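Taking it in order: structure first as C-alpha cells, then the write-up.
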Amino acid sequence: MALTAEQEQALTDLLRRLPAAPASTPSPAPDLLQTWLGVSGADLGAGLQALLARKAQVETRVLDWVGRNPLEAAVQFLGAAAWAFYRAEQNANPRIATYTDAFYYIATCASVGYADIFAVTQTGRAIAALVMIIGPALTNRLLDQPRRA
C-alpha cells in the first residue's frame, strides 16, 4: 500500500520535528516511550526515517515476492500472525491454549473475519485487524492467478 504524496509530506514533517540527540552528549533521562516501550523518541524517529528511506525498495521486493509465490506468502503470513497472536494471547486468553488455537483463529480472521475465539488483549486485536485487512488480499492474489495459454 503506497502513501499519497500528502501523507508522505505529513510524515516527513512529523519526522523533522522529532528531536535529534547529539552523539557527544550523554543520553537524557528516558522519555515516556523509553520508559514504557524501551525505545526513545529519537531512536523511534531515526528508525522511522530509515524505513521511510527504504520504503520503495522494501515495497517492491515484498510485492514481487508475493506475486511470484502467492501460496508461500499466504502461508507464511498466516503462520507468523498466528505465532504473534499466540504470544500476545497465551496467558491472557483462556481460549488460546496452543499454537493451533491461535492458527485457527488467525486463519478464520483471514477468511471470514470472525470466529468463536476472540482477542482479549490490545496486541491481539491489532494483529487480528491486520490479518483481516491483509489476509483477503493475499487470498485474492493466490486465487486470481493469470491464465496460462
Side-chain angles (χ1 to χ4, degrees), residues 1-18 20-21 30-149:
M1 173 168 79
L3 295 176
T4 65
E6 183 179 73
Q7 290 170 328
E8 286 190 28
Q9 183 60 43
L11 184 58
T12 301
D13 292 343
L14 176 66
L15 293 175
R16 282 189 190 131
R17 291 185 202 145
L18 292 174
D31 60 10
L32 187 59
L33 286 173
Q34 179 72 36
T35 302
W36 290 99
L37 301 176
V39 63
S40 71
D43 291 342
L44 183 60
L48 287 173
Q49 287 177 339
L51 283 174
L52 189 57
R54 296 182 13 228
K55 178 184 122 3
Q57 176 189 12
V58 170
E59 182 179 333
T60 301
R61 289 181 62 198
V62 168
L63 290 176
D64 287 345
W65 178 70
V66 170
R68 286 189 316 270
N69 308 298
L71 178 61
E72 184 179 333
V75 170
Q76 286 186 356
F77 174 73
L78 292 177
W83 177 83
F85 185 78
Y86 175 70
R87 298 288 298 174
E89 298 279 321
Q90 69 181 348
N91 294 323
N93 192 338
R95 301 290 309 267
I96 305 297
T98 65
Y99 173 80
T100 305
D101 295 335
F103 192 85
Y104 163 75
Y105 175 74
I106 292 298
T108 305
C109 283
S111 58
V112 294
Y114 63 90
D116 61 339
I117 298 172
F118 300 97
V120 297
T121 65
Q122 292 299 328
T123 304
R125 289 179 182 138
I127 293 165
L130 182 68
V131 169
M132 289 179 207
I133 294 167
I134 296 175
L138 288 173
T139 304
N140 178 57
R141 181 66 182 112
L142 172 65
L143 298 176
D144 193 25
Q145 290 291 310
R147 291 189 168 80
R148 293 181 172 90

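Computed from a predicted structure; not experimentally measured.
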Problem set entry | Euclidean distance, Ile127 CD1 relative to Met132 CE, rounded to 0.5 Å | 11.5 Å
Exercise. What is the distance from atom CG of Leu48 to atom CG of Leu52, rounded to the nearest 0.5 Å?
Worked result: 8.5 Å
What residues, two or more places apart in sequence or in another chain, satisfy side-chain contact (heavy atoms from CB on, under 4.5 Å) together with [X]?
{"X": "Ile134", "value": "Phe77, Leu130, Leu138"}
{"X": "Ile133", "value": "none"}
{"X": "Ala80", "value": "none"}
{"X": "Thr60", "value": "Asp64"}

Closest approach of [X] to [Y] (non-hydrogen atoms, all atoms of both residues):
{"X": "Ala73", "Y": "Val66", "answer": "CB-CG2, 3.8 Å"}
{"X": "Ala119", "Y": "Gly124", "answer": "CB-C, 3.7 Å"}
{"X": "Pro70", "Y": "Leu142", "answer": "CB-CA, 3.7 Å"}
{"X": "Cys109", "Y": "Val131", "answer": "CB-CG1, 3.9 Å"}
{"X": "Glu89", "Y": "Thr121", "answer": "OE2-OG1, 2.5 Å"}
{"X": "Val120", "Y": "Ala92", "answer": "CG2-O, 3.6 Å"}

Exercise. Can you name the side-chain hydrogen bond (donor to acceptor under 3.5 Å, both in side chains) partners of Thr139, sequence neighbours left out?
Worked result: none
Exercise. For Gln49, which residues count as a side-chain hydrogen bond (donor to acceptor under 3.5 Å, both in side chains) partner, sequence neighbours excluded?
Worked result: none
For this session: Enumerate the residue pairs fulfilling side-chain hydrogen bond (donor to acceptor under 3.5 Å, both in side chains) with a member in residues 79-88, sequence neighbours excluded, ordered by first and then second residue.
Result: Tyr86-Gln90
Seminar exercise, completed: By salt bridge (charged side-chain N to carboxylate O under 4.0 Å, His left out), Glu8 pairs with (sequence neighbours left out) Lys55
Problem set entry | With sequence neighbours excluded, residues passing salt bridge (charged side-chain N to carboxylate O under 4.0 Å, His left out) with Arg54 | none
Sequence neighbours excluded - salt bridge (charged side-chain N to carboxylate O under 4.0 Å, His left out) pairs with any residue from [range]:
{"range": "residues 98-109", "value": "none"}
{"range": "residues 68-85", "value": "none"}
{"range": "residues 75-85", "value": "none"}

Problem set entry | side-chain contact (heavy atoms from CB on, under 4.5 Å) evaluation trace for Thr4 with Gln9 | CA-CA 9 Å; Thr4 65; Gln9 183 60 43; over 6 Å; no
Exercise. Does any non-hydrogen side-chain atom of Tyr104 lie less than 4.5 Å from one of Arg95?
Worked result: no
Problem set entry | Side-chain (Tyr105) to main-chain (Ile96) donor-acceptor, under 3.5 angstrom | no
Exercise. Between Asn93 and Phe118, is there a donor-acceptor pair closer than 3.5 Å when you use the side chain of the first and the backbone of the second?
Worked result: yes
